[in-house]
Amino acid sequence: MWYAPRWLLSAVVALTTLAASPTLALARETKVEWKSVDVPAGEGQAQRARALRGLLTSASKKADFGKAKSVVLSARIVEFTSSTRGDVHRVSCTVVGRVVGGPTARSRISFGGRPSERQALEKQVLTMVANGVVGRLASIVRARSEPRD
């Protein structure tokens, strides 16, 4: 006799969870194409471009672009510095993203850490700016696709 209410409660919780997460369904419906990912010439350019493209693609899979069916974006590293002073290695990066045919978004971060962990620090900074610029571009796309009053 007590088993029916527990089963019913479990079913209600499961249905509520499925119904409460429509943003995941919307995020997966949007086809995101990265038209270009530009990195300034210099040491490690090809590796940095490959890493940034992968990070942008990963971030765009998690982002909510609203009702848009497809979005064409581009990104460009404006500044990337990696230097060691004393016992601190500092990485600064600025990325400008653009909705093709629309506005731009800028993400900038400067982060420091141990000189022995330079590679991990550079990847962390690229990840952070990629997530930031994709989040802002997703916000721009959502705002553009909403009906205006």
Side-chain angles (χ1 to χ4, degrees), residues 10-149:
S10 297
V12 168
V13 168
L15 289 174
T16 304
T17 303
L18 290 173
S21 58
T23 58
L24 291 176
L26 288 175
R28 291 188 180 128
E29 289 179 11
T30 304
K31 180 182 180 272
V32 178
E33 177 189 343
W34 288 96
K35 182 178 179 181
S36 66
V37 176
D38 299 326
V39 177
E43 182 182 332
Q45 173 192 8
Q47 180 185 6
R48 196 169 294 129
R50 214 174 16 258
L52 182 61
R53 182 174 289 276
L55 293 168
L56 289 168
T57 302
S58 175
S60 61
K61 288 179 182 176
K62 298 172 190 172
D64 176 15
F65 288 93
K67 296 179 181 179
K69 294 292 181 191
S70 67
V71 179
V72 180
L73 305 172
S74 64
R76 175 173 52 98
I77 293 182
V78 176
E79 176 215 356
F80 188 88
T81 59
S82 183
S83 62
T84 301
R85 281 192 185 162
D87 61 345
V88 176
H89 187 82
R90 180 155 301 278
V91 179
S92 297
C93 184
T94 303
V95 174
V96 174
R98 179 180 204 85
V99 178
V100 174
T104 62
R106 180 180 292 246
S107 180
R108 182 179 195 294
I109 186 126
S110 182
F111 211 70
R114 295 184 180 138
S116 61
E117 299 172 352
R118 182 184 64 84
Q119 291 265 325
L121 189 61
E122 288 179 0
K123 183 176 180 183
Q124 181 180 6
V125 167
L126 283 176
T127 302
M128 293 164 75
V129 293
N131 289 336
V133 79
V134 168
R136 181 64 186 122
L137 290 172
S139 174
I140 290 169
V141 170
R142 280 193 314 266
R144 290 178 67 187
S145 65
E146 290 178 357
R148 296 189 175 125
D149 294 334

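It should be emphasised that the depicted structure is a prediction, and the values quoted were computed from it without experimental measurement. Note that the numbering runs from 1 along the sequence shown for the chain.
- The minimum heavy-atom distance between Ala68 and Thr30, with the atom names listed, is O-OG1, 2.8 Å.
- What you find for Val88 and Pro115 is that their closest heavy atoms are N-CG, 4.2 Å.
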Quiz item: Between Thr94 and Ile77, is a side-chain contact (heavy atoms from CB on, under 4.5 Å) present by the stated rule, with each step listed?
Solution: CA-CA 6 Å; Thr94 303; Ile77 293 182; over 6 Å; no
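- Between the CZ atom of Arg48 and the CG atom of Leu55 there is a distance of 12.5 Å, given to the nearest 0.5 Å.
- Arg50 contributes atom CZ, which lies 11.0 Å from atom CD of Gln45 (distance to the nearest 0.5 angstrom).
- In this structure, Gly97 and Val133 approach most closely via the heavy-atom pair N-CG2, 3.5 Å.
- The shortest heavy-atom contact between Trp34 and Arg53 is O-NH1, 3.3 Å.
- Between atom CZ of residue Arg76 and atom CG of residue Asp38 there is a gap of 7.5 Å, rounded to the nearest 0.5 Å.
- With no hydrogens or angles considered, a side-chain donor-acceptor pair links Arg90 and Ser110 at under 3.5 Å.
- Applying the 6.0 Å contact sphere to CD of Glu79 captures more than 12 heavy atoms from other residues, nucleotides or ligands.
- Put simply, CG on Leu137 and CZ on Arg142 are 11.0 Å apart, with the number rounded to the nearest 0.5 Å.
- Between the OG1 atom of Thr81 and the CD atom of Glu122 there is a distance of 9.5 Å, given to the nearest 0.5 Å.
- Only one option out of Ser116, Ser83, Ser82 pairs with His89 in a side chain to side chain donor-acceptor pair (under 3.5 Å); it is Ser82.
- A donor-acceptor pair under 3.5 Å is formed between the side chain of Ser60 and the backbone N or O of Leu56.
- Expressed to the nearest 0.5 Å, how far OG of Ser107 lies from CE of Met128 amounts to 8.5 Å.
- Taking all atoms of both residues into account, the shortest heavy-atom contact from Gly113 to Leu121 is N-CD2, 3.6 Å.
- Side-chain contact between Val95 and Phe80 is absent, with no heavy-atom pair separated by less than 4.5 Å.
- Contact between Phe65 and Val71 at its shortest, heavy atoms only, is CD2-CG2, 4.2 Å.
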